[in-house]
Amino acid sequence: MYSCVNCGVYACMEEKPEVVPKNCPMHEKEVLERAKAEYADPENQKVFATAADIESSGYCQWPRVKETIQFCLRMGFTKVGLAFCKGLSGEARTVAGLFKEAGIEVVGVCCKAGGTDKACLGIPEEYKMVEPGEFETACNPIGQAMLMNENKTQFNIILGLCIGHDSLFIKYSDAMVTTLVVKDRVTGHNPVAAIYGSEAFFKKRVR
């Protein structure tokens, strides 16, 4: 079991560390060498180098949305997918507008695309948000990914998909995926607020 979460040494931050904790992944030299070799892949190298360029250019200056736009521009992406939650339609329009201003085409697909009742996709009635037997449109992350695949998007962006739905979207997306907004209805879509407050205001909510 690796112990990075409890580490106080951070041997990984030193060129020639004097102390490497027993459960440190730094001991896994064969695995880390295999990972290192993957960066030589041309696509991986371009993504990794562009990410470094974004980090150095906008560190502590650019918000995530600008970083994402600049990443797309520097990668040469001209068509991106925006997989968004129906509850964040307004935010999705704003984001799409910003990308269009930058000259990037946006394929926006709402989570409810397909208009299929939850029950038709195997969701038990007791899991619905409405009364049993009533129609409730299911989210469709697999459909969102497939529609973007059909449109041959070069890069896909998640904006507020539910936990698990985002995972399915990533699983079925042909293009690489990043997350711009994480769904958290309680904190105004700012999950780290609950983490910061896990021993105070949010103590009873996160346990």
Side-chain angles (χ1 to χ4, degrees), residues 1-2 4-5 25 31 34-35 38-39 41 43-44 47-48 50-51 54 63-65 67-69 71-72 75 77 79-96 99 104 106-130 136-198 202 205-207:
M1 296 288 289
Y2 304 131
C4 291
V5 294
V31 176
R34 279 195 284 119
E38 289 298 315
Y39 291 101
D41 175 86
E43 182 181 13
N44 293 346
V47 171
F48 199 57
T50 303
I54 295 298
R64 178 75 175 202
V65 66
E67 287 186 337
T68 307
I69 291 170
F71 179 80
C72 291
M75 284 292 296
F77 297 145
K79 181 191 284 189
V80 302
L82 185 63
F84 67 94
C85 168
K86 169 64 171 58
L88 290 168
S89 297
E91 291 84 348
R93 279 191 290 274
T94 298
V95 170
F99 273 81
I104 300 171
V106 176
V107 178
V109 182
C110 174
C111 64
K112 301 298 184 182
T116 306
D117 186 81
K118 283 185 175 181
C120 295
L121 297 179
I123 302 299
E125 289 292 333
E126 60 266 29
Y127 288 1
K128 284 188 172 184
M129 303 290 287
V130 297
E136 183 182 356
T137 305
C139 292
N140 188 8
I142 296 176
Q144 285 176 292
M146 288 183 171
L147 288 166
M148 290 181 185
N149 295 344
E150 287 293 317
N151 278 268
K152 300 189 184 308
T153 53
Q154 299 161 296
F155 190 64
N156 290 329
I157 300 163
I158 290 175
L159 197 157
L161 298 188
C162 294
I163 182 70
H165 295 171
D166 52 1
S167 304
L168 286 172
F169 177 83
I170 293 167
K171 180 178 180 179
Y172 282 87
S173 172
D174 287 344
M176 288 187 298
V177 180
T178 194
T179 298
L180 180 58
V181 176
V182 176
K183 168 71 67 60
D184 191 332
R185 299 174 183 88
V186 174
T187 64
H189 310 301
N190 177 27
V192 77
I195 297 170
Y196 291 150
S198 62
F202 283 96
R205 294 194 176 200
V206 298
R207 288 177 172 81

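No side-chain heavy atom of V182 sits under 4.5 Å from any side-chain heavy atom of H189. Proximity of C111 to F84: side-chain heavy atoms (C-beta onward) are nowhere separated by under 4.5 Å.
Atoms NZ and SG, from K86 and C110 in turn, are 6.5 Å apart once rounded to the nearest 0.5 Å. Remark: K183 NZ to C85 SG distance equals 3.5 Å, nearest 0.5 Å. Expressed to the nearest 0.5 Å, how far CG of D166 lies from CG of L161 amounts to 6.0 Å. Atom NZ of K118 is separated from atom CD of E125 by 10.5 Å, given to the nearest 0.5 angstrom. The line from CG of L88 to OG1 of T94 is 10.5 Å long, rounded to the nearest 0.5 Å. Note: L180 CG to L159 CG = 5.5 Å, rounded to the nearest 0.5 Å.
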Practice problem: Mind running side-chain contact (heavy atoms from CB on, under 4.5 Å) on V47 and F71 for me, showing each step along the way? | Solution: CA-CA 9 Å; V47 171; F71 179 80; 4.0 Å; yes

Practice problem: Evaluate side-chain contact (heavy atoms from CB on, under 4.5 Å) for I157 paired with T68, printing each intermediate quantity in order. | Solution: CA-CA 9 Å; I157 300 163; T68 307; 3.9 Å; yes

Quiz item: Passes side-chain hydrogen bond (donor to acceptor under 3.5 Å, both in side chains), T187 versus D184? Steps please.
Solution: CA-CA 6 Å; T187 64; D184 191 332; 3.2 Å; yes

Practice problem: For side-chain contact (heavy atoms from CB on, under 4.5 Å), just list the numbers for F169 and I142, CA-CA rounded to whole Å, side-chain angles, deciding distance to a tenth of an Å, and then say yes or no. | Solution: CA-CA 5 Å; F169 177 83; I142 296 176; over 6 Å; no

Quiz prompt | Test log, rule side-chain hydrogen bond (donor to acceptor under 3.5 Å, both in side chains), inputs T178 and R64 | solution = CA-CA 11 Å; T178 194; R64 178 75 175 202; 2.9 Å; yes

Quiz prompt | Test log, rule side-chain contact (heavy atoms from CB on, under 4.5 Å), inputs I195 and F202 | solution = CA-CA 8 Å; I195 297 170; F202 283 96; over 6 Å; no

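Across D117 and E136, no two heavy atoms sit closer than the pair OD1-N, 2.7 Å. Heavy-atom minimum distance, K112 versus C139: NZ-SG, 3.5 Å. For the residue pair S173 and A145, the shortest heavy atom distance occurs at N-CB, 3.8 Å. Of all non-hydrogen atoms in K79 and N151, the two that sit nearest each other are NZ-O, 2.9 Å. In terms of heavy-atom proximity, V107 sits nearest to M148 at O-CE, 3.7 Å. Between Y172 and M146, the shortest heavy-atom contact is CD2-CE, 4.1 Å.
A donor-acceptor contact closer than 3.5 angstrom links the side chains of T153 and N156.
In terms of modelled atom types and a separation under 3.5 Å, the side chain of D174 and the main chain of N149 share no donor-acceptor contact.
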